[in-house]
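To start, the structure itself, in structure tokens.
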Amino acid sequence: MNRYIHVLLCAGLFSALSAAEAGSARVAITDLGDLELKFATVKQLDEVPGPAVQARVTHPGSAMYRIGLPRDVRRASYLVGNGEVVRAGQPFVILQGPEIHHLLLEYSLLETRYEAAKDRYQRSRESYRQRALQEGQWLAIVDRYLELQLEYEHMRHFQELVQESTDNSDSITLLSPIDGRIQYRDTQERLVAGTELAGFLAATALQLRARVPMASADDLVALVLPGCRLPLARLDHVAEGFFLTAWSEPISADCDLPLNATVSARPLYRQAAYSVPRSAVFTRDGEAQVLVRRGAALEAVTVSLLLPVGDDYAVTADSELADTAVLVTSVSAVQGVLLGLGGD
């Protein structure tokens, strides 16, 4: 036994064992001999990442500028690829067929009828105020004016997109109404009135949509992709099982995400935590711990691991760890000393 004690003394460990009571979690730094001791500063975290979730690059339906056909058209020949970015005023489709001539003529006639109804409405309004016009007649004039106004405005919005006509009255070219990304359903079939010809999505309208656990949704602050952080815009408070749908703020151009792409995103949650190097964490008595420098001693402090954050771990602890120094070298050696302190 004396020989064994002599070996421990030479290794510089016996003094560590005698410096604390059995079961203690503190070790005097001077009792660790020539061990290389390097430290890192613990950082305070206000946000912590959660498990990755599947997210989709999409948009609220109301963000789409949609163009519908006012009348039947035989064929549509698109000039840009589906999903491409277009500029306002850029030609995007050619509509062809004998119906085009009738469409243009119909708009011209509708404009004339609308202007006549508008003029009659304005002239009759004063007569009605002076009781020179019966109420039934006035209501008929108003109804006709409003009916033509609705029809005319619908056609006018479409006509505003028509490029200046060429000599060919059987085809027209339509121009993009806004800067954005175009979507359409390319088909060789005859297009009937009311069919959506194309939709345009402004560059600032793309958002990331993801389902996040309902239990932690209220603390969600952002969705993170590699090199791209997207703050939370809103939560849809309609549960789908145990999940809620989260929408990010508009996706910036730097993120370079195509419409309808499915990506893996990391949710960031509002939570007080700490960032410690992975090399600082060890296991003792079935618990994750770090060695914190307290004056001239090292103290083992129990932490709860959340998730890896780069080369660190996000952790929580009952003790205040912000700006404290944790051991990052010779951790296994000091762990062995602590196990000896615990005794067998």
Quick check: closest heavy atoms across [X] and [Y], and the distance to 0.1 Å?
X: S124; Y: W138; answer: C-CZ3, 3.7 Å
X: V142; Y: Y121; answer: CG2-CE1, 3.9 Å
X: P267; Y: A52; answer: CD-CA, 4.3 Å
X: A193; Y: D72; answer: N-OD1, 2.7 Å
X: L223; Y: S248; answer: CD1-CB, 4.4 Å
X: D236; Y: L244; answer: O-CD2, 3.5 Å

Using atom types as modelled and distance alone, determine if a side-chain donor or acceptor of [X] lies under 3.5 Å from a backbone N or O of [Y].
X: D170; Y: Q96; answer: no
X: T112; Y: S108; answer: yes
X: T329; Y: E36; answer: yes
X: R211; Y: Q54; answer: no
X: R26; Y: A300; answer: no

To the nearest 0.5 Å, tell me how far [X] [atom1] sits from [Y] [atom2].
X: H154; Y: L110; atom1: NE2; atom2: CG; value: 10.5 Å
X: L291; Y: S330; atom1: CG; atom2: OG; value: 10.5 Å
X: C228; Y: D256; atom1: SG; atom2: CG; value: 9.5 Å
X: E299; Y: L338; atom1: CD; atom2: CG; value: 10.5 Å
X: L104; Y: M155; atom1: CG; atom2: CE; value: 8.5 Å
X: Q271; Y: L45; atom1: CD; atom2: CG; value: 9.5 Å

Check: [Y] and [X] side chains under 4.5 Å, non-hydrogen atoms:
X: R87; Y: S176; value: no
X: E115; Y: D119; value: no
X: V301; Y: Q289; value: no
X: L95; Y: L103; value: no
X: L259; Y: H59; value: yes

Note to self: My understanding is that only residues two or more places apart in sequence, or in another chain, count here; which of them pass side chain to side chain donor-acceptor pair (under 3.5 Å) with R190?
What the structure shows: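 Partners of R190 under the side chain to side chain donor-acceptor pair (under 3.5 Å) test: E99.
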
Next item on the list: Evaluate the criterion side-chain contact (heavy atoms from CB on, under 4.5 Å) for residue pair Q183 and N82; output intermediate values, then yes/no.
Entry: CA-CA 5 Å; Q183 274 189 293; N82 196 5; 4.1 Å; yes

Note to self: Under the side-chain contact (heavy atoms from CB on, under 4.5 Å) test against P277, which residue among V328, T41, L327, V331 passes?
What the structure shows: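 That would be V328; it is the only one of V328, T41, L327, V331 passing the side-chain contact (heavy atoms from CB on, under 4.5 Å) with P277.
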
Next item on the list: Could you check L298, V42, T302, V303 and say which one makes a side-chain contact (heavy atoms from CB on, under 4.5 Å) with V290?
Entry: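 Running side-chain contact (heavy atoms from CB on, under 4.5 Å) over L298, V42, T302, V303 with V290 returns exactly one hit, V303.
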
Any chance [atom1] of [X] has more than 12 other-residue heavy atoms, nucleotides or ligands included, within less than 6.0 Å?
X: D34; atom1: CG; value: no
X: R120; atom1: CZ; value: no
X: R113; atom1: CZ; value: yes
X: R75; atom1: CZ; value: no
X: E160; atom1: CD; value: yes
X: Q44; atom1: CD; value: yes

Notebook entry, point to check: Mind checking whether F200 and F92 have ring centres under 6.0 Å apart?
Noted result: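 Yes, close enough.
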
Margin query: Go through it in stages, so that I can follow the logic: the residues are Y128 and I141, the test is side-chain contact (heavy atoms from CB on, under 4.5 Å), and I'd like the CA-CA distance, side-chain angles, deciding distance and then a yes or no.
Written below: CA-CA 11 Å; Y128 178 69; I141 292 171; over 6 Å; no

Check: After noting the C-alpha distance and the side-chain angles of I94 and L79, does the key distance pass the side-chain contact (heavy atoms from CB on, under 4.5 Å) rule?
Finding: CA-CA 7 Å; I94 297 176; L79 304 176; 3.9 Å; yes

Any chain of hydrophobic side-chain contacts (each under 4.5 Å) joining [X] to [Y]?
X: L268; Y: V212; value: no
X: I100; Y: V162; value: yes
X: I182; Y: L175; value: no

Next item on the list: Please collect all ring pair (Phe, Tyr, Trp, His ring centres under 6.0 Å) contacts where either partner lies in residues 310-339, sequence neighbours excluded, each pair once.
Entry: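 For residues 310-339, and leaving out neighbouring residues, there are no ring pair (Phe, Tyr, Trp, His ring centres under 6.0 Å) pairs at all.
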
Margin query: Before you tell me yes or no, could you show the steps for V276 and D312 under side-chain contact (heavy atoms from CB on, under 4.5 Å), namely the whole-Å CA-CA distance, both residues' side-chain angles and the distance that decides it to 0.1 Å?
Written below: CA-CA 5 Å; V276 299; D312 297 343; 6.0 Å; no

Which atom pairs, one a donor and one an acceptor, fall under 3.5 Å between side chains of residues 318-326 and the rest of the protein, sequence neighbours left out?
residue: E320; atom: OE1; partner: Y274; partner atom: OH; Å: 3.4
residue: E320; atom: OE2; partner: A322; partner atom: N; Å: 3.1
residue: T324; atom: OG1; partner: L321; partner atom: O; Å: 2.6

Item checked: Short side-chain donor-acceptor distance under 3.5 Å, E240 and T245 ->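 Looking only at side-chain atoms, E240 and T245 do form a donor-acceptor pair, the distance falling under 3.5 Å.
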
